[in-house]
Amino acid sequence: MPIEMIVAVLGLALLDTLSPAVIGITLYLLLARPHRVGLLLGGYLGTVAIAYFTLGVLLMLGLGAVVPRVDDTVWAWGQAVFGAALVVGSYFIPDRDPGRASVRARSFTMRSMLLLGLATWLFEFATAVPYFGAIGVMTLAGLPAAQWSPLLGVYVTIMVIPGVLLFAAWAALGERTRERFERWQGRLDSGSRTTLRWIVGIAGVLILLDALPAQITITAGP
């Protein structure tokens with residue numbers, strides 16, 4: 001696999017660790033301290049990861065059938081334009097609507113956590129720019145399933161790592177984390193749109209940089 005492609009995909013995965021929904025719901029659960037919080041959190045994070053992995057497989061299989069029919073030059077230019085558009089568009093994302101409620105867990109059961117995981121997937125679907133960028137990068141690289149499937153697995157695992165790390169900190173430190181977690185939750189609620197601007201802008205840069213080698217090759221010719 002091209003090293004530039006791997007770096008781009010993993011870089012986009014790291015951006016996805018800034019997901020306001022995953023971090024926010026994890027903090028909410030840990031602050032609420034429900035019974036079997038570790039199991040409930042595992043069910044939630046697992047659902048998010050499985051949902052994104054399943055969607056990625058479907059997208060990769062569908063796009064894999066389309067890409068070979070499109071000229072490489074068109075794909076390279078399309079990726080470059082898309083990346084540049086994301087960078088520009090990140091400056092026009094509006095401020096957070098104060099009246100918009102954050103996703104919250106209403107009951108602490110495994111069923112509710114599974115539904116909350118699916119809700120997170122649907123809630124962030126429209127703004128999952130790094131995720132769709134990574135799918136596009138892997139598709140354009142023409143990777144076989146034996147290569148893109150484990151890379152996709154690594155991607156969705158990285159996505160939920162913040163939740164795992166927050167739980168590990170809570171398990172190790174207990175109530176000593178409460179004040180810090182409450183402070184983080186407050187900042188997350190007030191600055192989610194700012195975070196989204198950064199995510200979209202950096203995703204655009206990574207996608208654009210990944211397209212540059214293809215552009216150079218096309219321009220240089222054989």
Side-chain angles (χ1 to χ4, degrees), residues 1 5-30 37-61 63 83 86 90 102-105 110 113-139 141 143 145 147-171 181 184-185 187-189 191-207 210:
M1 288 188 285
M5 185 273 300
I6 296 176
V7 170
V9 170
L10 295 183
L12 291 166
L14 289 174
L15 273 181
D16 249 343
T17 62
L18 299 177
S19 163
V22 169
I23 296 176
I25 292 173
T26 299
L27 289 172
Y28 179 78
L29 281 172
L30 295 178
V37 61
L39 184 61
L40 294 173
L41 182 59
Y44 167 71
L45 296 177
T47 301
V48 173
I50 291 172
Y52 273 105
F53 183 83
T54 302
L55 176 63
V57 170
L58 295 176
L59 288 174
M60 289 296 297
L61 293 177
L63 290 175
L86 289 178
S90 66
S102 301
V103 178
R104 288 289 184 267
M110 183 56 70
M113 292 299 101
L114 298 180
L115 292 175
L116 191 57
L118 292 176
T120 298
W121 173 64
L122 292 173
F123 176 74
E124 295 201 322
F125 188 86
T127 58
V129 175
Y131 174 80
F132 290 116
I135 295 295
V137 168
M138 289 189 290
T139 301
L143 301 178
Q147 292 184 350
W148 62 253
S149 54
L151 189 57
L152 179 62
V154 171
Y155 186 101
V156 299
T157 300
I158 293 175
M159 281 180 64
V160 299
I161 282 294
V164 177
L165 295 178
L166 287 171
F167 174 73
W170 172 83
F181 281 6
W184 288 351
Q185 188 179 46
R187 290 177 180 174
L188 188 65
D189 287 342
S192 60
R193 286 295 175 179
T194 301
T195 302
L196 180 59
R197 290 192 189 102
W198 279 102
I199 291 175
V200 172
I202 297 173
V205 171
L206 289 171
I207 293 170
D210 181 73

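What you see below is based on every heavy atom in this structure, not just the backbone, and it leaves out hydrogens, waters and symmetry mates. Everything quoted here is computed from the prediction, not taken from an experiment.
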side-chain contact (heavy atoms from CB on, under 4.5 Å), paired with Met113, selected from Leu118, Leu40, Thr47: Leu40
Side chain to side chain, Val160 and Thr26, heavy atoms closer than 4.5 Å: no
Close side-chain approach of Leu10 and Leu14, heavy atoms under 4.5 Å: no
Non-hydrogen side-chain atoms of Asp16 and Tyr52 separated by less than 4.5 Å: no
Interatomic spacing from CD1 in Ile50 to CG in Leu55 - rounded to 0.5 Å: 13.5 Å
Straight-line distance of Leu165 CG to Ile23 CD1, nearest 0.5 Å: 10.0 Å
Point-to-point distance, once rounded to the nearest 0.5 Å, from CD1 of Ile161 to CG of Leu166: 11.0 Å
For the student: nearest non-hydrogen atoms of Val156 and Phe53, plus distance: CG1-N, 3.8 Å
Phe181 versus Ala169, closest heavy-atom pair with distance: CZ-CB, 4.4 Å
Nearest-0.5 Å distance, CG of residue Leu151 to CE of residue Met5: 6.0 Å
Nearest heavy atoms of Tyr131 and Leu152, plus distance in Å: CE1-CD1, 4.4 Å
Nearest heavy atoms of Tyr44 and Val22, plus distance in Å: OH-CA, 3.6 Å
Side-chain touch Phe167/Val37, heavy atoms, less than 4.5 angstrom: yes
Side chains of Val57 and Leu61 in contact at under 4.5 Å (non-hydrogen atoms): yes
Over all atoms of both residues, closest heavy-atom pair of Thr139 and Ile135: OG1-O, 2.7 Å
Considering all heavy atoms, the nearest Ala145-Pro150 contact: O-CD, 4.0 Å
